[in-house]
There are 2 protein chains.
Amino acid sequence: MKRAMTKIFADFIARRGLKSTKQRDIILDGFLASDRHLSIEELYLKIRASHPNIGYATVYRTLKLFAEAGIAREMQFGDGQTRYEHAGEGEHHDHLVCTRCGSIEEFENETIEQLQAEVANSRGFLIEKHRLELYGVCGSCRK
Amino acid sequence: MKRAMTKIFADFIARRGLKSTKQRDIILDGFLASDRHLSIEELYLKIRASHPNIGYATVYRTLKLFAEAGIAREMQFGDGQTRYEHAGEGEHHDHLVCTRCGSIEEFENETIEQLQAEVANSRGFLIEKHRLELYGVCGSCRK
DNA sequence: ACTCCAATTGAAAGTGGAAGTCATAATACG
DNA sequence: CGTATTATGACTTCCACTTTCAATTGGAGT
């Protein structure tokens with residue numbers, strides 16, 4: 001998986017005539033090694049710990065690149081920060097966001113997707129993407 | 001409906017020991033008279049047309065009050081602006097957001113809601129609220 | 001009606017995160 | 001190697017709020 005991502009990004013870099021740099025490698029490592037759904041700030045701080053000379057702007061730009069390359073996906077939950085999650089090829093998932101501890105679980109439900117498509121269809125609406133988030137209290141926090 | 005909202009807000013004001021001011025009345029009128037899903041800026045400009053002396057901060061604070069009073073609901077679509085929609089008592093709807101013209105349609109689907117509840121349940125997750133948005137091209141823009 | 005005080009207002013300053021600038025440094029490749 | 005590009009990082013700007021603060025205003029109790 002990690003190998004695959006690395007490969008995809010390398011190809012993307014090559015295809016676009018961009019350059020391979022150690023910063024990009026470091027940021028990619030940090031991103032792939034992390035839990036999903038990090039904000040720019042979080043990844044920046046994490047990387048900064050071992051590589052104090054990497055700037056915020058570089059992390060910011062590189063994350064955008066990842067999104068363009070298709071290995072990351074931008075997400076906005078309610079906290080005013082843009083978060084990035086790993087984007088496995090084409091897969092999509094929705095989220096369960098805990099309002100207590102902030103944890104984010106993922107789920108998929110084919111039936112819901114179908115119903116969404118029906119709703120859209122019945123209105124002549126063409127879906128490009130969707131977003132479904134359930135906010136509440138997760139299992140651990142309820143104990 | 002408008003009457004009801006006005007009443008609810010008046011009660012809220014009273015219950016909290018807040019004051020009734022002409023600015024709040026004007027802003028409430030503007031809000032209720034508007035299309036749904038306005039941003040702070042939009043409502044501010046609209047009101048400003050007839051009441052040039054009302055400040056942005058007042059509109060901002062009043063909208064927050066509306067949300068607390070339960071007559072408005074804060075929403076975030078992808079455009080970086082907080083929007084407020086009328087919040088009829090308890091009712092909830094999901095959205096179809098056109099990425100071309102920015103129009104926002106609403107819909108409800110009981111089956112989808114049930115499925116969401118099932119997913120949450122199966123994980124011991126307690127839903128407080130949810131958000132479902134379908135982004136794409138609306139009927140008019142497809143013609 | 002008048003007072004007094006807490007609530008409110010509007011202008012302006014402050015925030016935080018995202019996006020843009022630009023001089024310097026690195027990389028790819030002939 | 002040498003050079004044309006691209007990338008980097010410190011810093012600035014932008015933007016959408018959010019807070020501050022001095023002046024004003026409701027409204028409960030005279």
Side-chain angles (χ1 to χ4, degrees), chain A residues 9-31 37-69 72-84 102, chain B residues 9-31 37-69 72-84 102:
Chain A
F9 188 59
D11 290 349
F12 173 79
I13 285 288
R15 194 172 346 108
R16 290 261 286 250
L18 304 178
K19 290 172 183 174
S20 155
T21 69
K22 56 181 177 311
Q23 284 90 339
R24 286 178 178 164
D25 292 345
I26 292 167
I27 295 171
L28 181 54
D29 277 357
F31 176 64
H37 311 111
L38 311 87
S39 65
I40 301 171
E41 183 80 13
E42 286 167 356
L43 184 54
Y44 168 62
L45 291 177
K46 173 176 168 162
I47 286 175
R48 199 165 212 278
S50 44
H51 303 273
N53 46 333
I54 288 187
Y56 177 94
T58 301
V59 176
Y60 163 78
R61 287 182 292 230
T62 305
L63 244 12
K64 287 248 161 198
L65 266 191
F66 290 171
E68 284 184 64
R73 200 180 287 120
E74 289 187 19
M75 314 240 73
Q76 295 272 166
F77 298 99
D79 66 351
Q81 286 195 239
T82 301
R83 287 171 185 285
Y84 287 82
Chain B
F9 188 58
D11 291 350
F12 173 80
I13 286 288
R15 194 172 347 110
R16 291 262 287 251
L18 304 179
K19 290 173 182 172
S20 154
T21 68
K22 57 181 175 310
Q23 285 91 336
R24 285 178 179 163
D25 292 344
I26 291 166
I27 295 171
L28 181 52
D29 276 357
F31 176 63
H37 311 110
L38 311 87
S39 64
I40 301 172
E41 181 81 14
E42 286 167 356
L43 184 54
Y44 168 60
L45 290 177
K46 173 177 167 160
I47 286 176
R48 199 164 210 278
S50 44
H51 303 273
N53 47 333
I54 287 187
Y56 178 95
T58 301
V59 176
Y60 162 77
R61 284 181 294 228
T62 305
L63 243 12
K64 288 247 159 197
L65 266 192
F66 291 170
E68 284 185 63
R73 200 180 287 121
E74 289 187 20
M75 314 240 73
Q76 295 272 166
F77 298 100
D79 67 351
Q81 286 194 243
T82 300
R83 288 171 184 285
Y84 288 81

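Just so it is clear, the values below take in all heavy atoms, side chains as well, and ignore hydrogens, waters and symmetry mates. Naming convention: chains lettered A, B, ... in sequence-line order (proteins, then strands); numbering from 1 in each chain.
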Participant: For the OG1 atom of T58(A) and the CG atom of L65(A), what is their distance to the nearest 0.5 Å?
Facilitator: 10.5 Å

Participant: Return the OH to CD1 distance between Y44(A) and I27(A), rounded to the nearest 0.5 Å.
Facilitator: 10.5 Å

Participant: When you check the phosphate oxygens OP1 and OP2 of dT8(D), does a side-chain N or O of R24(A) lie under 4.0 Å from one of them?
Facilitator: yes

Participant: Restricting to nitrogen or oxygen on both sides, can you table the protein-nucleotides 23-30 of chain C pairs closer than 3.5 Å?
Facilitator:
residue, atom, partner, partner atom, Å
dT27(C), O2, K19(A), NZ, 2.9

Participant: Once each nucleotide of nucleotides 10-22 of chain D is scored for protein heavy atoms under 4.0 Å, what B/S/- sequence comes out, 5' to 3'?
Facilitator: B-----SSBBB--

Participant: Check whether the ring centres of F31(B) and F66(B) lie less than 6.0 Å apart, and answer yes or no.
Facilitator: yes

Participant: By the definition side-chain hydrogen bond (donor to acceptor under 3.5 Å, both in side chains), identify the one residue from E42(A), H37(A), E41(A) that meets it with R83(A).
Facilitator: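 Going through the options one by one, the only one that passes is E42(A).
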
Participant: Looking at I26(B), I40(B), L45(B), which hits side-chain contact (heavy atoms from CB on, under 4.5 Å) with V59(B)?
Facilitator: I40(B)

Participant: Please determine whether side chain to side chain contact (heavy atoms under 4.5 Å, CB included) holds for the pair R24(B) and L28(B), giving the CA-CA distance in whole Å, both sets of side-chain angles, and the decisive distance to 0.1 Å.
Facilitator: CA-CA 6 Å; R24(B) 285 178 179 163; L28(B) 181 52; over 6 Å; no

Participant: Could you state the atom-to-atom distance from CG of L65(A) to P of dA19(C) in whole Å?
Facilitator: 13 Å

Participant: Given atom CZ of F77(A) and atom P of dG17(C), what is their separation to the nearest angstrom?
Facilitator: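 So the CZ-P distance, F77(A) to dG17(C), works out to 17 Å.
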
Participant: How many whole angstroms separate atom CZ of R15(A) from atom P of dT6(D)?
Facilitator: 17 Å

Participant: Over all heavy atoms of both residues, which pair between F12(A) and L18(A) is shortest? Give the atoms and the distance, please.
Facilitator: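 In terms of heavy atoms, the two residues are closest at CE2-CD1, 4.2 Å.
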
Participant: Tell me which one of Q76(B), K64(B), E74(B) satisfies side-chain hydrogen bond (donor to acceptor under 3.5 Å, both in side chains) with T82(B).
Facilitator: Q76(B)

Participant: Rounded to the nearest Å, what distance is computed from the CG atom of residue L63(A) to the P atom of nucleotide dA7(D)?
Facilitator: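 After rounding, the reported distance stands at 16 Å.
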
